[in-house]
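When a residue number appears, it is its place in the shown sequence, counting from 1. Just so it is clear, the model here is predicted, and its values are computed rather than measured.
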Amino acid sequence: MTADPTTPAPSTSSANWKRRGILVGAGIVLLLIAYFVLAAFLPRWWSLRVESLADRTFTKGILWGLLFGIVCTFAPLVLFWSAWSVRKGRAGKQLAIGAVILAVVTAIPNLLTLTIVLGTSNAAHAGERTLDTSAPGFRGATALGAVIAVVLVALLVFVVVRRNRRRRTAALPK
């Protein structure tokens with residue numbers, strides 16, 4: 001038995017689109033579930049980690065807040081800047097992607113603190129209460145540390161860009 005050449009072969013593209021649609025839909029549902037689970041868990045978890053670091057003292061709360069604020073803002077900003085700088089190089093795309101991923105990972109403590117401060121969920125409010133009572137000064141010190149880090153990165157970028165411009169103008173033939 002041979003196939004009739006006048007009948008069209010079954011289309012596999014519609015089956016591929018259906019499969020992709022189902023996979024994308026399932027992925028979106030899983031991401032939403034993960035979001036709601038993490039939104040209920042992470043603020044409380046982070047506030048308890050900070051509580052154990054601060055040990056219910058203003059001094060430790062402020063020092064840890066400054067440390068997290070400065071380091072977890074300075075490092076991501078420098079990594080984003082380096083990703084921007086190397087993006088057009090030989091292996092720039094891969095280095096830039098790696099730098100961006102590393103920047104996001106190093107910013108996670110500040111992002112977790114931000115979810116507690118700006119969050120409206122029950123977990124955020126519970127985290128806020130924990131930080132207020134068990135890590136006094138942490139939130140304000142983190143914000144101050146972030147501002148200090150932004151100023152430091154701005155100065156660093158200014159100095160490096162100015163130095164590069166001076167080198168280029170000095171290298172130009174006169």
Q: To the nearest 0.5 angstrom, please state how far the NE2 atom of His125 sits from the OG atom of Ser47.
A: 13.0 Å
Q: Measure from NZ or CZ of Arg49 to the centre of the six-membered ring of Trp46 and say whether it is under 6.0 Å with the direction within 45° of the ring axis.
A: no
(Q) Nearest 0.5 angstrom please: Leu42 CG to Ile108 CD1, how far? (A) 9.0 Å
(Q) For the OG atom of Ser134 and the NZ atom of Lys60, what is their distance to the nearest 0.5 Å? (A) 13.0 Å
(Q) Please give me the minimum heavy-atom distance between Thr106 and Ala103, naming the atom from each residue. (A) OG1-O, 3.0 Å
Q | Phe41 with Tyr35, same ILVMFWY side-chain cluster at under 4.5 Å | A | no
Q.
Distance check, rounded to the nearest 0.5 Å: Ile116 atom CD1 versus Asp132 atom CG?
A. 10.5 Å
Q | Spacing of CG belonging to Leu118 relative to CG belonging to Leu111, to within rounding of 0.5 Å | A | 11.0 Å
Q: Considering non-hydrogen atoms only, spot the tightest contact between Gly61 and Ala141 and give its length.
A: O-CB, 4.5 Å
Q) Any link between Val78 and Phe158 through a network of hydrophobic side chains (Ile, Leu, Val, Met, Phe, Trp, Tyr) touching at under 4.5 Å? A) no
(Q) Taking atom CZ as the centre, does Arg163 end up with more than 12 heavy-atom neighbours from other residues, nucleotides or ligands that are less than 6.0 angstrom away? (A) yes
Q. Does a side-chain heavy-atom distance below 4.5 Å link Lys18 with Leu23?
A. no
Q: Answer with yes or no whether the hydrophobic clustering places Leu38 together with Val50; edges join I, L, V, M, F, W, Y residues whose side-chain heavy atoms lie under 4.5 Å apart.
A: yes
**Q.** Stepwise side-chain contact (heavy atoms from CB on, under 4.5 Å) test for Leu66 and Phe138
**A.** CA-CA 8 Å; Leu66 282 173; Phe138 179 81; over 6 Å; no
(Q) Could you go through Val160 and Arg165, starting from their C-alpha distance and side-chain angles, then the distance that decides it, and tell me whether this counts as side-chain contact (heavy atoms from CB on, under 4.5 Å)? (A) CA-CA 9 Å; Val160 170; Arg165 283 186 183 163; over 6 Å; no
Q | Minimum-distance pair of heavy atoms, taken over all atoms of Thr115 and Pro43 | A | OG1-CG, 4.2 Å
Q) Does Arg87 count as lying over the ring of Trp84, i.e. NZ or CZ under 6.0 Å from the six-ring centre, within 45 degrees of the axis? A) yes
Q: Go through the steps for Val100 and Phe80 under the test side-chain contact (heavy atoms from CB on, under 4.5 Å), then give the verdict.
A: CA-CA 6 Å; Val100 166; Phe80 281 129; 3.9 Å; yes
Q. Distance only, no hydrogens: is a donor on one side chain within 3.5 Å (strictly under) of an acceptor on the other, for Asn110 and Thr142?
A. no
Q) Do Trp64 and Trp45 share a hydrophobic cluster (ILVMFWY, side-chain heavy atoms under 4.5 Å, transitive)? A) yes
Q | Side chain proximity check, Val150 to Phe74, heavy atoms < 4.5 angstrom | A | no
Q. In a check of side chain to side chain contact (heavy atoms under 4.5 Å, CB included) between Val153 and each of Thr73, Leu77, Ile148, which one passes?
A. Leu77
Q. Does Arg56 reach the side chain of Glu51, with side-chain heavy atoms less than 4.5 Å apart?
A. yes
Q.
Is there a path of hydrophobic side-chain contacts, each under 4.5 Å between heavy atoms, that joins Leu67 and Ile70?
A. no
Q | From Cys72 atom SG to Leu112 atom CG, the distance as rounded to the nearest 0.5 Å | A | 9.5 Å
Q: Provide the closest heavy-atom pair for Pro136 versus Phe58 in the form atom of the first, atom of the second, distance.
A: CB-CE2, 3.3 Å
(Q) Under a plain distance cut-off of 3.5 Å, with no hydrogens placed, do Arg167 and Asn164 share a side-chain donor-acceptor pair? (A) no
Q | Which atom of Val117 lies closest to which atom of Glu128, heavy atoms considered | A | O-OE2, 4.2 Å
